[in-house]
Amino acid sequence: MTPPLSRLPDDPRVALLVIDMQYDFMPGGALAVAEGDALVPIINRLGAQFRNVVLAQDWHPRGHVSFASSHAGRAPFITLPYGTQTLWPDHCVQGSHGAQLHAGLDIPHAQLTLRKGCNPGIDSYSAFVEADRATRTGLAGYLSERGIDSVYVVGLALDFCVAWTALDARSAGFNTWVIADACKAIDLNGSLDQAWKDMALAGVSRIDSAALTS
Ligand code: VGL
Ligand code: ZN
């Protein structure tokens with residue numbers, strides 16, 4: 001099940017996908033993930049090893065459908081045409097400070113910043129496909145056109161945007177690894193355990209950053 005580690009970070013066929021390292025997901029942010037900021041040095045170290053790096057950025061318009069504030073009664077879950085949507089505090093509003101990538105992130109050779117969740121009526125945890133499971137962000141096409149067949153996924157949050165991105169990377173045919181110690185989770189109602197189960201079943205491999213530092 002585990003793909004061979006024949007795709008090392010500096011292989012031109014490999015990309016590091018850095019998910020949502022934004023202030024709103026850091027301690028003190030609108031949707032804080034515990035110790036999210038502790039990932040900055042780990043991801044910087046990893047980033048330096050990869051030839052290809054993509055930065056994903058959650059990037060919602062004001063009044064986005066995933067915000068509890070957009071719905072009367074502030075229910076934690078609502079049903080939308082595409083299924084059940086978890087409602088969140090307002091976060092990563094386009095142009096706001098909270099939506100900015102952490103300034104300590106130091107991966108100057110990253111070539112693409114992919115903004116997602118821009119559609120007012122559809123959420124997008126995944127950097128590949130929006131929550132309607134139909135609208136594509138174009139990331140698979142970008143990677144394929146660049147001759148990339150393998151991705152390593154890191155960042156926030158492990159049980160939401162990282163997991164959905166990794167699952168969709170697998171579905172799109174990429175060899176996919178999640179670097180566990182380069183992610184932190186929200187862990188809502190068992191979502192972390194579930195995410196690891198779903199990823200294992202889908203053939204996403206789990207490794208630690210130590211396996212890549214030689
Ligand atoms: C995320 C909830 C809402 C994430 C984004 O980055 O994991 N989670 N929007
Ligand atoms: Zn979001």
Side-chain angles (χ1 to χ4, degrees), residues 16-40 42-43 54-71 74-80 82-102 105 113-133 135 137 139 151-169 176 178-196 198-199 204:
L16 179 69
L17 309 183
V18 178
I19 307 300
D20 300 0
M21 286 295 289
Q22 297 163 265
Y23 285 112
D24 272 342
F25 298 120
M26 302 292 160
L31 182 35
V33 183
E35 300 174 6
D37 52 346
L39 298 179
V40 172
I42 298 170
I43 291 177
V54 175
L55 307 172
Q57 197 171 17
D58 212 35
W59 197 251
H60 301 308
R62 223 165 271 292
H64 189 250
V65 71
S66 76
F67 296 169
S69 63
S70 304
H71 304 274
R74 311 286 203 266
F77 304 98
I78 52 161
T79 305
L80 293 173
Y82 59 77
T84 302
Q85 171 71 49
T86 302
L87 293 181
W88 303 102
D90 291 22
H91 66 279
C92 298
V93 172
Q94 296 172 359
S96 67
H97 171 75
Q100 300 308 310
L101 295 171
H102 193 293
L105 211 59
T113 299
L114 189 283
R115 289 172 168 171
K116 63 183 179 64
C118 306
N119 193 325
I122 311 175
D123 204 2
S124 192
Y125 298 146
S126 165
F128 288 94
V129 187
E130 296 188 10
D132 63 357
R133 311 315 294 145
T135 309
T137 65
L139 181 56
V151 297
Y152 290 81
V153 191
V154 300
L156 299 169
L158 175 51
D159 41 347
F160 289 93
C161 292
V162 169
W164 284 53
T165 296
L167 289 167
D168 284 348
T176 307
V178 168
I179 307 176
D181 60 316
C183 303
K184 297 284 181 189
I186 296 174
D187 203 10
L188 204 63
N189 306 317
S191 55
L192 179 56
D193 275 353
Q194 192 61 50
W196 280 126
D198 293 345
M199 290 193 285
V204 172

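Ligands are counted one by one from 1 in listed order, and the atoms in each one are counted from 1 as well. This structure is a prediction, so every number in the text was calculated from the model and none was measured.
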Polar-atom distance check: [X] versus ligand 1, any N or O pair below 3.5 Å?
{"X": "F160", "result": "no"}
{"X": "D58", "result": "yes"}
{"X": "H91", "result": "yes"}

Enumerated ligand 1 atoms positioned under 4.0 Å from heavy atoms of [X]:
{"X": "Y125", "answer": "2 (C), 3 (C)"}
{"X": "D20", "answer": "4 (C), 6 (O)"}
{"X": "C161", "answer": "1 (C), 4 (C), 5 (C), 6 (O), 7 (O)"}

Test H91 against every option in D58, D24, D20 by the side chain to side chain donor-acceptor pair (under 3.5 Å) rule and name the one that passes.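 Single pass found, and it is D58.
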
Test log, rule side chain to side chain contact (heavy atoms under 4.5 Å, CB included), inputs M26 and M21: CA-CA 8 Å; M26 302 292 160; M21 286 295 289; 3.7 Å; yes

With sequence neighbours excluded, residues passing salt bridge (Lys or Arg N to Asp or Glu O under 4.0 Å) with R133: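 R133 satisfies salt bridge (Lys or Arg N to Asp or Glu O under 4.0 Å) with D168 once adjacent residues are dropped.
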
Does ligand 1 have any atom sitting under 4.0 Å from a heavy atom of Q22?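 Contact check Q22 vs ligand 1: negative.
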
Restricting to N/O/S, name the atom of D58 that gets closest to the Zn ion (ligand 2).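 The closest N, O or S atom of D58 to the Zn ion (ligand 2) is OD2.
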
Shortest-distance N/O/S atom, H60 versus the Zn ion (ligand 2):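 Of all N, O or S atoms in H60, the Zn ion (ligand 2) lies closest to NE2.
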
Does any N, O or S atom of C161, backbone or side chain, fall under 2.8 Å from the Zn ion (ligand 2)?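 No.
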
Kindly confirm whether the Zn ion (ligand 2) is within less than 2.8 Å of some N/O/S atom in H91?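 Checking the Zn ion (ligand 2) against H91, an N, O or S atom does fall under 2.8 Å.
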
Using ring pair (Phe, Tyr, Trp, His ring centres under 6.0 Å) as the criterion, point out the one residue from F67, F160, F25 that pairs with W88.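 Result for ring pair (Phe, Tyr, Trp, His ring centres under 6.0 Å) with W88: F160.
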
What part of I19, side chain from CB on, backbone N/CA/C/O, both or neither, has a heavy atom under 4.0 Å from ligand 1?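 It is neither part, as no heavy atom is under 4.0 Å.
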
Y125 pairs by side chain to side chain contact (heavy atoms under 4.5 Å, CB included) with which of L167, T86, T165, D159?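 Between Y125 and the candidates, side chain to side chain contact (heavy atoms under 4.5 Å, CB included) is satisfied uniquely by T86.
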
Starting from atom 2 (C) of ligand 1, find the nearest protein heavy-atom neighbour and note its residue, name and distance.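 Here the closest protein heavy atom is W88 CE2, 3.4 Å.
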
Please verify the inter-ring angle class for H64 with H60; under 30° counts as parallel, over 60° as perpendicular, anything in between as tilted.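 Plane angle under 30°, so parallel.
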
Measure the CD1-CG distance between I186 and L156 for me, rounded to the nearest 0.5 Å.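 That separation rounds to 8.5 Å.
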
Euclidean distance, N119 CG relative to D132 CG, rounded to 0.5 Å: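 That separation rounds to 7.5 Å.
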
Taking the side chain as everything from C-beta on, heavy atoms only, tell me whether V178 gets closer than 4.5 Å to L158.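 The answer is yes, as the side chains (C-beta and beyond) meet within the 4.5 Å cut-off.
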
